[in-house]
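Below you'll find the structure, written out as structure tokens, and then a few comments.
Below, chains carry the letters A, B, ... as their sequence lines are ordered, and counting in each starts from 1.
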Number of protein chains: 2
Amino acid sequence: MKRFLCEKTDDEVRKAILDAAEKRFKQYGFKKTAMSELAEDVGMSTSNLYRYFSSKLDIAEAFALRCFAEKEIGLQLLLEKPLDSAVDSLVVYAKGLLQYNFDQLYVYPAINDMIMALCEASSEMVDKKREGELSILKVILKKGQEEKCWEIDDLDETGLAIMASWVMFSTPTFMRHQTLEQLEKRLSNLLNLIITGLKVRE
Amino acid sequence: MKRFLCEKTDDEVRKAILDAAEKRFKQYGFKKTAMSELAEDVGMSTSNLYRYFSSKLDIAEAFALRCFAEKEIGLQLLLEKPLDSAVDSLVVYAKGLLQYNFDQLYVYPAINDMIMALCEASSEMVDKKREGELSILKVILKKGQEEKCWEIDDLDETGLAIMASWVMFSTPTFMRHQTLEQLEKRLSNLLNLIITGLKVRE
DNA sequence: CCACTGAATATAAAATAATATATTCATAGT
DNA sequence: ACTATGAATATATTATTTTATATTCAGTGG
């Protein structure tokens with residue numbers, strides 16, 4: 001026996017495993033998908049999975065990274081329309097993020113389980129998620145600076161403050177209690193506030 | 001047998017039950033305090049508790065209302081110093097709220113259980129909590145309006161937007177991952193943002 | 001009639017036993 | 001030497017029983 005199923009490369013095998021994992025994780029969550037099921041899905045023994053991923057958590061993390069990448073690609077696409085001012089970009093980004101989070105929650109029955117499992121087991125993934133979203137936000141903030149329409153002392157701190165203010169719009173517990181319309185309205189008001197500020201303008 | 005323990009009024013008995021409940025709820029949480037324990041604490045039979053509260057949840061709600069009142073009194077006290085501008089008031093309020101939430105989390109081992117139980121069982125209490133905090137915030141916002149230093153279209157919507165942005169600073173899950181200093185720094189940046197706004201000022 | 005209790009019940013929690021699963025490893029085929 | 005497997009094990013999940021608890025109510029003493 002030289003190679004798994006018709007001479008696939010390691011990366012191809014890893015991808016096959018991840019594809020199977022993605023389906024099961026999204027539908028059944030972390031705890032309720034078994035390594036043996038993934039093995040069966042890709043047609044190998046359970047023990048052989050460990051030649052491609054060091055653990056179940058390792059698979060989950062790879063799955064999360066794939067989700068993050070997909071999400072970021074989708075959001076970048078929304079932001080590429082060149083007509084947007086920095087204000088428009090910020091609004092598009094914030095609303096896109098909300099829409100994405102909301103959709104995931106309702107399209108994939110077990111995505112919440114998955115998030116909980118990953119948050120508990122891997123603070124690294126929590127950091128990666130924040131860093132990914134923050135880096136896009138910082139591009140928008142910088143654009144605002146360059147357009148001379150925003151005044152920002154510290155891009156990082158401001159970005160983190162904004163992300164902190166968005167927690168309600170990315171946390172399943174809070175999203176579950178409101179409709180998308182309600183969330184969008186609230187986010188819209190918050191964005192206006194962040195952009196304009198409370199202080200009167202002369 | 002005419003009256004419970006030396007002719008107490010209904011309100012006094014209710015208070016005695018609530019005092020016992022407060023101690024146990026704070027230390028052991030909702031699920032791990034038993035009606036029979038409360039009954040023993042106040043020296044009556046379990047069944048007699050039901051003459052004063054309709055259910056265990058009813059006791060927990062009364063406890064929550066007491067906590068809310070205590071918290072609001074403490075915050076009002078912080079805000080009473082007359083020297084504060086609206087900006088100062090907002091900062092004092094936000095930081096006071098954070099400090100209060102953070103303290104509770106570390107002083108009372110079971111407060112998180114208690115919060116979770118109440119949030120799950122009684123959306124009414126969740127609303128009451130928000131309404132209480134919102135009403136104080138609105139007083140501050142109105143003060144800023146009157147001082148002509150803030151421009152606010154809709155007090156309610158603006159208040160709700162600000163409250164939404166503070167979710168990270170009042171949710172145990174998020175607070176647990178950061179020190180008070182980190183949280184204060186982040187909140188401080190957010191408050192600056194909300195007050196000043198991103199837009200350049202001429 | 002009123003304030004209260006103890007037994008009764010239906011439900012929820014804890015403890016336990018039974019099962020399934022993640023991970024390892026010695027071994028086999030190529 | 002490389003790829004893969006099945007059996008072994010320790011851990012985690014599920015199913016089951018047992019126990020505790022919330023709530024009700026008929027009844028007791030004043």
message: Looking only at side-chain N and O atoms, does B:R51 offer a donor or acceptor that is under 3.5 Å from a partner on B:N48?
response: yes
message: Distance check needed: C:dA13 C1' versus B:K32 NZ, whole Å only.
response: 10 Å
- line: The reported gap from CH2 in A:W150 to NZ in A:K142 (rounded to nearest 0.5 angstrom) is 13.5 Å
field: Nearest-0.5 Å distance that lies between atom SG in A:C119 and atom NZ in A:K129
entry: 8.0 Å
task: Would you confirm whether B:Q145, through its side chain, and B:I152, through its main-chain N or O, come within 3.5 Å as a donor-acceptor pair?
output: yes
query: What is the distance from CG of B:L38 to C1' of D:dT21, rounded to the nearest Å?
result: 12 Å
message: Using a 6.0 Å cut-off, check whether atom NZ of B:K26 has over 12 heavy atoms from anything other than its own residue.
response: yes
query: CG of A:N48 versus C1' of D:dT5: gap in Å, rounded?
result: 8 Å
query: For DNA chain D, what residues of residues 113-123 of chain A have any heavy atom nearer than 4.0 Å?
result: none
Protein-to-nucleotide contact annotation, 5' to 3' order, nucleotides 22-28 of chain C [B base; S sugar-phosphate only; - none; under 4.0 Å, heavy atom]: SBBB---
query: Rounded to the nearest Å, what distance is computed from the OH atom of residue A:Y52 to the C1' atom of nucleotide D:dT3?
result: 7 Å
- request: Would you mind reporting whether B:K23 and B:Q27 have side-chain heavy atoms less than 4.5 Å apart?
  value: no
- prompt: How long is the line joining NZ of B:K8 and P of C:dA3, in whole Å?
  reply: 16 Å
- prompt: Just one of B:I17, B:V13, B:L18 clears the side chain to side chain contact (heavy atoms under 4.5 Å, CB included) bar with B:V42, so which one?
  reply: B:I17
- prompt: If you draw a 6.0 Å radius around CD in B:E147, do more than 12 non-hydrogen atoms from other residues or ligands fall strictly inside?
  reply: yes
message: Rounded to whole Å, please give me the gap between CZ in B:R51 and C1' in C:dA3.
response: 5 Å
